[in-house]
There are 2 protein chains.
Amino acid sequence: MITIEIRKELKSGVIELAILALLVRREMYGYELSQKILDLSSGQIEVKEGTLYPILYRLEERGIITSRWQAPLGRGKPRKYYYVTGKGRQYFAGYRKEWNVVVEFMCKILE
Amino acid sequence: MITIEIRKELKSGVIELAILALLVRREMYGYELSQKILDLSSGQIEVKEGTLYPILYRLEERGIITSRWQAPLGRGKPRKYYYVTGKGRQYFAGYRKEWNVVVEFMCKILE
DNA sequence: AATAATACCTAGTAGCACAAAGTATATAGA
DNA sequence: TCTATATACTTTGTGCTACTAGGTATTATT
């Protein structure tokens with residue numbers, strides 16, 4: 001498996017959609033999200049901290065997700081768990097449709 | 001066919017890739033590119049002038065495409081035709097691979 | 001004792017799509 | 001004739017995005 005660096009222009013928008021796709025299924029905390037995305041992409045899509053947290057804050061500010069602090073069962077730093085609101089689920093559905101339009105278009109243009 | 005507005009974050013990077021995909025096949029001029037993209041996307045992906053021309057200029061500056069002015073056969077304003085250089089074809093191939101990684105990842109994360 | 005991994009925060013930066021203005025030619029409709 | 005529209009290219013400024021690079025703090029490993 002050869003890992004190539006994905007240019008940030010291609011990540012634009014996609015990372016937010018990916019985060020929402022994960023949070024729609026179950027609540028997760030920031031660090032967990034970044035690791036999950038790295039895993040699911042076989043190490044090819046890395047979400048930097050300076051990207052991840054600002055995305056979570058703006059989504060929360062817009063009422064798309066909410067959060068709660070939770071101390072881990074064992075020891076360690078407290079974690080901030082995020083989950084998608086009702087409004088957020090609608091937002092996600094629309095976002096997903098736009099993504100599908102883009103993908104269909106690109107499939108056509110790339111043969 | 002319901003036309004939805006695609007948020008610009010999702011267009012980021014994608015428009016450049018689409019332009020290159022068209023120019024790899026044959027030389028085209030700016031306005032023609034914007035119309036072709038609108039056509040191929042069934043009117044769903046609109047590339048504004050303030051987006052299109054700056055992309056073409058920076059691609060030319062980087063040696064990825066080159067251009068030549070050509071007066072139309074009939075009457076009208078002269079057109080600037082662009083085509084992809086050898087270096088540009090390599091650039092396009094790499095860009096395309098990155099896009100495929102992103103699409104595969106998103107397919108997985110969106111089920 | 002030192003390093004890495006976990007877990008979160010944030011000020012500043014470069015690059016992107018876009019709005020909105022401009023120049024200029026040709027055509028169609030009122 | 002006047003006006004609007006389509007064609008065709010240019011450019012300045014703006015908001016948003018991912019990222020850089022720093023920070024705090026805890027726990028496990030070496």
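Basis for what follows: all heavy atoms, side chains included, without hydrogens, waters or symmetry-related copies.
In this structure, Ile64(B) and Phe92(B) have side chains that are not in contact, with every pair of non-hydrogen atoms separated by 4.5 Å or more.
Following rounding to the nearest Å, Arg79(B) (CZ) and dA8(D) (C1') show an atom-to-atom distance of 8 Å. A straight line from CD of Glu32(A) to C1' of dT6(C) spans 12 Å, rounded to a whole angstrom. In this structure, Leu38(B) atom CG and dA6(D) atom P are separated by 12 Å, rounded to whole Å. Taking atom CD on Glu98(B) and atom C1' on dA18(D), their separation rounds to 14 Å, with Å as the unit. Taking atom NZ of Lys11(A) as the reference point, atom P of dA18(D) lies 9 Å away to the nearest angstrom. Rounded to a whole Å, the CD1 atom of Ile19(B) is 12 Å from the P atom of dC9(D). In this entry the distance linking CD of Glu46(A) with P of dA21(D) reads 13 Å, nearest Å. The CD1 atom of Ile45(B) sits 18 Å away from the P atom of dC16(C) (whole-angstrom rounding).
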Checking salt bridge (charged side-chain N to carboxylate O under 4.0 Å, His left out) for the pair Arg79(B)/Glu32(B): CA distance, chi angles, key distance, verdict? CA-CA 9 Å; Arg79(B) 298 161 173 171; Glu32(B) 188 185 10; over 6 Å; no

Please walk me through it: do Ile55(B) and Val47(B) pass side chain to side chain contact (heavy atoms under 4.5 Å, CB included)? CA-CA 11 Å; Ile55(B) 287 178; Val47(B) 181; 5.6 Å; no

Does the pair Gln70(B) and Arg68(B) meet the rule for a side chain to side chain contact (heavy atoms under 4.5 Å, CB included), with working shown? CA-CA 6 Å; Gln70(B) 172 80 47; Arg68(B) 64 180 186 88; 2.4 Å; yes

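Annotation: cation-pi pair Arg26(B)/Tyr82(B) absent, no NZ/CZ under 6.0 Å from the ring centroid and within 45° of its normal.
The phosphate of dA7(C) has OP1 or OP2 within less than 4.0 Å of a side-chain N or O from Tyr29(A). Taking side-chain N and O atoms only, Lys8(B) has no distance below 4.0 Å to OP1 or OP2 of dA19(C).
Looking at Glu60(B) and Ser67(B), their side chains do bring a donor and an acceptor atom within 3.5 Å of each other.
Nearest to the side chain of Glu9(B), among dC9(D), dC19(D), dC16(D), sits dC16(D). Taking only side-chain atoms of Ser12(A), from C-beta outward, the nucleotide of dA8(D), dA18(D), dA17(C) with the closest atom is dA18(D).
The stretch residues 48-73 of chain B comes close to DNA chain D through Glu49(B), Gly50(B), Tyr53(B), Pro54(B), Tyr57(B), Trp69(B), each having a heavy atom under 4.0 Å from the strand.
Nearest heavy atom pair, residue Val14(B) against residue Met106(A), reads CG1-SD, 3.4 Å. When all heavy atoms of Arg89(B) and Val24(B) are compared, the pair lying nearest together is NH1-O, 3.3 Å.
For Lys36(B), the NZ atom counts as loosely surrounded, since its 6.0 Å shell holds 12 or fewer non-hydrogen atoms of other residues, nucleotides or ligands.
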What string of B, S and - do you get for nucleotides 25-30 of chain D, 5' to 3', if B is base contact, S is sugar-phosphate-only contact and - is no contact with any protein heavy atom under 4.0 Å? BSS---

